[in-house]
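Lettering of chains follows the sequences in order, A, B, ..., and the numbering in each one begins at 1.
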Protein chains: 2
Amino acid sequence: MFMNSNYPAESRALIAVDCIIFGFDEHEEVLKVLLIKRDMTPHKGDWSLMGGFLGIDETVDDAASRVLHTLTGLDNIYMEQLHVFSEVARDPVERTISVAYIALININDHDQKLIQQYSARWFTLEDKPDLIFDHDEMFNLGLSRLQHRVSTKPIGFELLPEKFTMRQLQKLYEEILATDLDKRNFSKKINSLEILEKLDEKDKRSSRKGSYLFKFDEEKYKEKSRQGFHFKI
Amino acid sequence: MFMNSNYPAESRALIAVDCIIFGFDEHEEVLKVLLIKRDMTPHKGDWSLMGGFLGIDETVDDAASRVLHTLTGLDNIYMEQLHVFSEVARDPVERTISVAYIALININDHDQKLIQQYSARWFTLEDKPDLIFDHDEMFNLGLSRLQHRVSTKPIGFELLPEKFTMRQLQKLYEEILATDLDKRNFSKKINSLEILEKLDEKDKRSSRKGSYLFKFDEEKYKEKSRQGFHFKI
DNA sequence: TGCATAAGTGTAAAAAATACAATATTATTG
DNA sequence: CAATAATATTGTATTTTTTACACTTATGCA
C-alpha cells in the first residue's frame, strides 16, 4: 500500500457545471430562462447559462447548488442533473467537460441585485438569444426534460408561489407543455390526485368573483408515493 | 488573444466511465449483468462494473463505446448516459468522477474469450455480489432506468436475438419489470403498436406446435415516431 | 389415434381520457 | 338597487384504454 498513489498515466480535465434555470412569470404567464452575459473571452458579452467549475471538495450537485446560490441568493433550489457534455473542443480555452443541470425557481423570490451584478436577465423562450459553446444544446435538452418531468413529478409547484390558483397552475402546464388544456378536465385531473389543499382564501386580483387558492401538500404526496401512487398529468 | 490560455486556478480531476451491461439469458429467462473481477488494488479480486478513463481525444460516449468494445468485442451497442457520480472520496486512489452508462447487449453475441480475459462473468440480479466503490448505487439506478426505458422506448429488442417469439418478449418484460403479465393482453398490446413484423417462420424448440417468430421493424417504428407515435407498454 | 404440451385467440367490464356549455359569484356602474 | 360585465366553477355523455378471464388449436410422440 502506497501513500499518494494515483492513476498516473491518465489525463485530467476541468469539470464544469452549467445550470438551465427556469422561472415562470405569473404576470405574463410565460416560462422564462435566466441567462448571464459572459464577462470573459472568448465570446465576451454573449449570453450563456450560469456555470462554474467543480471545486476539489465538492460533488457536482454541491457545485451546482453553489452556482445557483451565487446567482440567485437562494438555497434548496429544485435541481436535477441533466446530462454530461464532453465534446473535445466544446470549450475552446481548455478541455472541459460540463455537467448540465436544470433548476426551477420562483421568479419573484430571487435576489434582484445579484442577478444585476452578473448582468443576468430573464428571457422568454421566444426571445432567448443564441448561447455560447454547446449551451443551446443544453437548453434544448433541458426543456425536453422539464416537459417530461412536470408530467411525472409534482415539480411544477417549484415555479409558483406557495399559494396559487387552479388557473395559474393550468397556465403553467400549458406554457411548459406548449399545449392548450381544457379547464374542466384539468381541474378534475388535478383534484383527483388529492395532493393539493384547497384554502378558504381567494385571490381577488384576477376577477370580481375571486378564485380559490391552493397549496401543494408535500406530506400527502409523500405518503401517497409510499403507497405506490404515481403522479401523472 | 493568447495561445495556450486556460483557466489556471481551477482543479482538474480524473474522469471515468462505468458501464452497467445488461443481458437477457434466453435459456434461463432471466436478466443478467456483466461484472468484472478487479485486477488492481484497492479491492483487488472484488467485483465491479467495467470501466475506464476518459481519453484526451474522446467524448464520454466515445469512452463508453471503447470500454464496451474492449470487453465484448461488439460495436454499436445500445447505451445511454445514466448519471454522474462525484462523491469526493468515491475512489480512494484519487479524486475521480465517473459517468455511468447502461448498455444492453444480446448475451449470445459477445466474445467469450474477451470476457474471460477480464475475468468477467454474467450474474443474475439475485446472485449479483456487492460491488466496489459506489458501483452498487450505479447498478440500482441503472436498473431503475432500464425499467423505465423499456416501458417507453423499444429497446428491449436489443436484449433479444433478431428473431424472437412473443413469449420470449413477454418473459423479457416480465423479468425486467419484475411483474407478471397476461399473455392475451400482452400480445394484444404489442400487436397494436404495429412495430413488429410477424415472420412465417416458427421456433419449434419450445413446443410441438411451434411459435411464430417476430422481428422489430425499426423503419416502421421511426416512421411512426415521425408521425407523433409514442411507444408505451 | 389419442394424449400431452405450449401457442394462440376474444369478449365483457371497468377505468381513464376526452369533448363539450351552462351557471355562479361579485364588483362596478347607471 | 338592478343590470351588467367578467371570470370562476362545475357535470355529463362518449370514446378509448386497460383489465380480467378460459377455451380452442396445432403438432409430435407414445
Would you mind reporting whether B/Ile20 and B/Leu34 have side-chain heavy atoms less than 4.5 Å apart? no
Interatomic distance, A/Lys183 NZ vs C/dA24 C1' [rounded to whole Å]: 12 Å
Who passes ring-ring contact (aromatic ring centres under 6.0 Å, His included) against B/Phe22, sequence neighbours left out? none
Could you list the residues that satisfy ring-ring contact (aromatic ring centres under 6.0 Å, His included) with B/His148, not counting sequence neighbours? A/His148
Side chain to side chain donor-acceptor pair (under 3.5 Å) partners of B/Asn140, counting only residues at least two apart: none
Near-strand residues of residues 166-181 of chain A, defined as heavy-atom separation under 4.0 angstrom from DNA chain C: none
Is the ring pair A/His110/A/Trp122 parallel, tilted or perpendicular, if the boundaries are 30 and 60 degrees? tilted
Cut-off 3.5 Å, no hydrogens considered: what does the side-chain donor-acceptor table look like for residues 207-214 of chain A, sequence neighbours left out?
residue: A/Ser207; atom: OG; partner: A/Lys209; partner atom: N; Å: 3.4
residue: A/Ser207; atom: OG; partner: A/Gly210; partner atom: N; Å: 2.8

Does anything in residues 134-160 of chain A form a salt bridge (Lys or Arg N to Asp or Glu O under 4.0 Å)? List the pairs, not counting sequence neighbours. A/Glu80-A/Arg145, A/Glu80-A/Arg149, A/Arg90-A/Asp134, A/Lys128-A/Asp136
Which of parallel (below 30°), tilted (30 to 60°) and perpendicular (above 60°) describes B/Tyr221 and B/Phe216? tilted
For A/Phe231 and A/Phe157, take the angle between the two ring planes, folded into 0 to 90°, and tell me which bin it lands in: parallel under 30, tilted 30 to 60, perpendicular over 60. perpendicular
How would you summarise protein contacts on nucleotides 12-20 of chain C per nucleotide, using B for base, S for sugar-phosphate only and - for none, with heavy-atom distances below 4.0 Å? -----SBBB
Check each residue of residues 220-228 of chain A for a non-hydrogen atom within less than 4.0 Å of any atom in DNA chain D, then write out the ones that pass by number, or none. none
Qualifying residues under side chain to side chain donor-acceptor pair (under 3.5 Å), relative to A/Lys188, sequence neighbours excluded: A/Asn185
Mind listing the residues from residues 202-213 of chain B sitting with a heavy atom below 4.0 Å of DNA chain D? Number order is fine. B/Lys204, B/Arg208, B/Lys209
Among pairs that include at least one residue of residues 99-118 of chain B, which meet salt bridge (Lys or Arg N to Asp or Glu O under 4.0 Å), considering only residues two or more places apart or in two chains? none
What residue pairs, at least two apart or across chains, pass side-chain hydrogen bond (donor to acceptor under 3.5 Å, both in side chains) with a residue in residues 222-233 of chain A? A/Glu223-A/Arg226, A/Glu223-A/Gln227
